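Before any comments, here is the structure.
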Protein chains: 2
Amino acid sequence: MSNAADPACLCGKCTSCVIFNRSVCHVASPEAMAQLNRISHIRKFARGTVIQGQGEASDIVGNIIEGVVKLSSASANGDDHIVGLLFPSDFFGRLFAEESRFAYEAVTDVTLCAMNKSGFERFLIDHPEVEHEMLKAKLDELDAVREWAAITNGHTTMQRVATLLFVFSLRSRNQRREPGDQSSNPVVHVPLSRRDIADYLGTTPETLSRNIQTLARAKVIRIINAKHFELLNASELVRHSGESREDLERIAAR
Amino acid sequence: MSNAADPACLCGKCTSCVIFNRSVCHVASPEAMAQLNRISHIRKFARGTVIQGQGEASDIVGNIIEGVVKLSSASANGDDHIVGLLFPSDFFGRLFAEESRFAYEAVTDVTLCAMNKSGFERFLIDHPEVEHEMLKAKLDELDAVREWAAITNGHTTMQRVATLLFVFSLRSRNQRREPGDQSSNPVVHVPLSRRDIADYLGTTPETLSRNIQTLARAKVIRIINAKHFELLNASELVRHSGESREDLERIAAR
DNA sequence: CCCGCACATTGATGTTCGTCAATGTCCAGG
DNA sequence: CCTGGACATTGACGAACATCAATGTGCGGG
């Protein structure tokens, strides 16, 4: 830490960061990266932890190193809706606002590259090239959120379920298999509970369960356990989603 | 135009722009504003014009001076969904991407302060303070889109209809009354067709119409004509929306 | 001024989905 | 190993909504 002032020395954590080249950090100059090294620190949150409550003053931002975070909004009548999911390399927190409009909750155990919000805001002002990258990331995110909204809005529950499963299958393509998995089919890992999936898709756990079972009976998927599915027939799953394969690829890529 | 190089001379259109202090331009320095003056030009589009098609190369960006633009996404099965509406002072177009994910269509006659996309992108790189403002605007927009997604997702059609009407009533608060309007009640102007509203709310024109008529029969609104409604009982409308008044105010403010 | 067309409304009907309730399953802790 | 509790599934039913079809309304062009 004491040698962070030397731009040439990058002995900090950023150089070995697993999400480095997918996060906004990758455009930072050596000098900027040294500064990021100084103001950031790794924090871990256990599954279920509310990292930031809805409407609370937001003081921590950063990048997700590992795990999944859900962004949810509880309305007056009590039911809450998941308006977004954050994965490794996604930016966490709400910059340039007093408080966060949404709650951030760790869906799995989460590792965060955390920074003080105002500290990072000052860093961005001093480093327009990083802020530029942040803008591009947020523009992409905006498209993705709108696209997802279009899907949840106008499709049947089955189409939404199929879409989610296929998108998650693309996302977990390169992940290691479940231990003991003998088959050559892809395994889809959905780290959310049925309730969370239902909240994300705008339905109920019951209806969701029925649709999953229907897909299983149709031999499109095989239910390994509550959070793992074997993908038996990808093209059938795409057909059930009502989307073109290209659109699904794009959604998964984000 | 020839004296645009003189930073002190702001004889261009920006100084008299009606949306100036609500758009990102308002943080521009005199020098930057002179440059904006040079690269921007007013363009008008008739109601119904597709300003930019879905998936088309995007070459024009800018601010909306007057009118309403809808952002829509047509899925493979043909039905399209409105994923956003743009009002005066909103930024138009998709920066830093080859093509636009969504179609932009003029819902009313539209006046645009248009700029060449790559020209404005270069401007932003040269003027980080404006890019910073753009980032803040997009972060706000992201929250607004997520919030709207939460509303359309988890509520009944009646709640969505009531929410839309109330939000539009707040937006048109300061607009002039329809000619011949004698009452002291607020008049809500919704410049969209029934089909567009239905697409925006994720329902059908038929169901939408039934809900509007139900609100009229309950004396919550009075239907002046297809696009104008007299607001008879605001608190009842809020009750039907299922949202708190504060949330609705925030959504309308954006 | 009337006609025709697009748009809005209304009606009838079937399907999907949410709700309530019961049962099944998995895992952690005693 | 057994037990309790959280979570997932299944069933039965009704309400909300999409769909199809017909009718009404308003507006611009001949």
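Just so it is clear: chains get the letters A, B, ... in the order the sequence lines come, proteins before strands, and each one is counted from 1. Computed from a predicted structure; not experimentally measured.
- One can find a donor-acceptor pair under 3.5 Å joining the base of D:dC20 and the side-chain atoms of B:Glu206.
- Of the candidate nucleotides D:dT10, C:dG18, C:dT9, D:dT10 has the atom nearest to the side chain of A:Ser209.
- In terms of heavy-atom proximity, A:Ser100 sits nearest to A:Tyr104 at OG-CE1, 3.4 Å.
- With rounding to whole Å, A:Ile223 atom CD1 is found 13 Å from C:dT25 atom C1'.
- Using a 4.0 Å cut-off between a side-chain N of Lys or Arg and a carboxylate O of Asp or Glu, A:Glu147 and A:Arg250 qualify as a salt bridge.
- Between the side chain of A:Arg160 and the base of C:dT16, no donor-acceptor pair of N or O atoms lies under 3.5 Å.
- The residue B:Gln213 sits close only to the backbone: its heavy atoms come under 4.0 Å of sugar-phosphate atoms, none of a base.
- Nucleic acid contact for B:Gly154: none, since no nucleic acid atom lies under 4.0 Å from a heavy atom of the residue.
- Of the candidates D:dC17, C:dT19, C:dA8, the closest approach to any side-chain atom of B:Ser193 belongs to C:dA8.
- Base contact: B:Thr204 has a heavy atom under 4.0 Å from a base atom.
- As a whole-Å value, the separation of B:Lys227 NZ from C:dT9 C1' is 15 Å.
- A:Leu208 has its CG atom 16 Å from the C1' atom of C:dT19, to the nearest Å.
- Of the candidates D:dA12, C:dA8, C:dG11, the closest approach to any side-chain atom of B:Arg194 belongs to C:dA8.
- The CD1 atom of A:Ile197 sits 12 Å away from the C1' atom of D:dC7 (whole-angstrom rounding).
- A salt bridge between B:Glu141 and A:Arg146 is present, with a side-chain N of the basic residue lying under 4.0 Å from a carboxylate O of the acidic one.
- Set against C:dA8, D:dT19, C:dT9, the side chain of B:Arg210 has D:dT19 as its closest nucleotide.
- At least one side-chain nitrogen or oxygen of A:Thr157 sits closer than 4.0 Å to the OP1 or OP2 atom of C:dC17.
- If you measure from atom CD1 of B:Ile212 to atom P of D:dG24, you get 20 Å, rounded to the nearest angstrom.
- Going from atom CG of B:Leu86 over to atom CD1 of B:Ile51 covers 9.0 Å, rounded to the nearest 0.5 Å.
- Rounded to the nearest 0.5 Å, atoms CD1 (B:Ile82) and CZ (B:Arg195) are 9.5 Å apart.
- At a cut-off of 3.5 angstrom, counting only N and O atoms as typed in the model, there is no donor on one side facing an acceptor on the other between the side-chain of B:Arg217 and the base of C:dT9.
- Rounding to whole angstrom units, NE2 of residue B:His155 and C1' of C:dG18 are separated by 15 Å.
- Protein atom CE of B:Met158 is 18 Å distant from nucleotide atom C1' of C:dG18, rounded to whole Å.
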